Amino acid sequence: MAASETPKHDDVNVPQDRVQTALSRRDWLRLTIGASAGLALGSLVDVKAVRAANESLKLSNVREFTTSCNFCSCGCGMVATVRDNKLITLEGDYDHVVNEGSLCVKGMSMFPTHASPQRNQVPRYRAPGSDHWEDITWEDAVERISQKIRKTRDTTWIANEKAGDTEVPVNRTDAIAFLGGAQNTNEECYLFQKFARLLGTAYVEHQARL
Ligand code: SF4
């Protein structure tokens, strides 16, 4: 997930009904354990066995985060469940105004894209003429990209253009384009636009033209 973690349910910006849902789940677990202890007093239940069973429940010892599907620009809401800092499920968010819990087939397949052993976790580079990719560091990737942008901009820079008989300053390059994505936030898009204009390109596009 290009994705930053969104607030967990204990945070202030989470809708109240979401908080109540999360609390009721926790309460339910507490009640279950409490009830187990009570029953054990009457020698009816093996407390250890009941606690062990609770541990294996899907929602025991988890934290939930809200996030959004990153496949298209519909912005369907999802709930990410994390145990021991590891993502264990991604499901449609029933409290989300866009999708009310439902996900299309792409959204439903988001978890496997996260868990796939074939997922790239570091930048990769294939040298000119090479037949294989090699892992490189993020610093190396940023350095290579910035050098290429600089070189492309410098060699294709258009300072002036003719408008009729007059030469007017345009200060742009036609050799660089920017492509945004559905999961970018408004703030990211703002910075994206600003950076593109700063470099002198007019070509700013978006991945989803719905
Ligand atoms: S890919 Fe499907 S689930 Fe994801 S945002 Fe688009 S419509 Fe929603």
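Counting convention: from 1, in listed order, for ligands and their atoms alike. Keep in mind it's a predicted model, so treat the numbers as computed, not measured. Scope of the values below: all heavy atoms of this structure, side chains included, with no hydrogens, waters or symmetry mates. For reference, positions follow the sequence shown, starting with 1.
Counting only protein atoms, the N, O or S atoms lying less than 2.8 Å from atom 8 (Fe) of ligand 1 are Cys76 SG, ordered by chain and residue number.
The minimum heavy-atom distance linking Trp157 with Leu199 is given by the pair CZ3-O, 3.5 Å.
Thr173 and Thr201 share no donor-acceptor pair across their side chains, judged by distance under 3.5 Å alone.
In this structure, the side chains of His96 and Cys76 stay at 4.5 Å or more apart for every pair of heavy atoms. Looking at heavy atoms from C-beta onward, Arg124 lies out of side-chain contact with Ile136 at the 4.5 angstrom threshold.
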Point to revise | His132 and Arg126: CA distance, side-chain angles, deciding distance, side chain to side chain donor-acceptor pair (under 3.5 Å) verdict | key: CA-CA 6 Å; His132 68 277; Arg126 194 175 76 178; over 6 Å; no
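Taking the six-membered ring for Trp and the full ring otherwise, Phe178 and Tyr203 have centroids separated by 6.0 Å or more.
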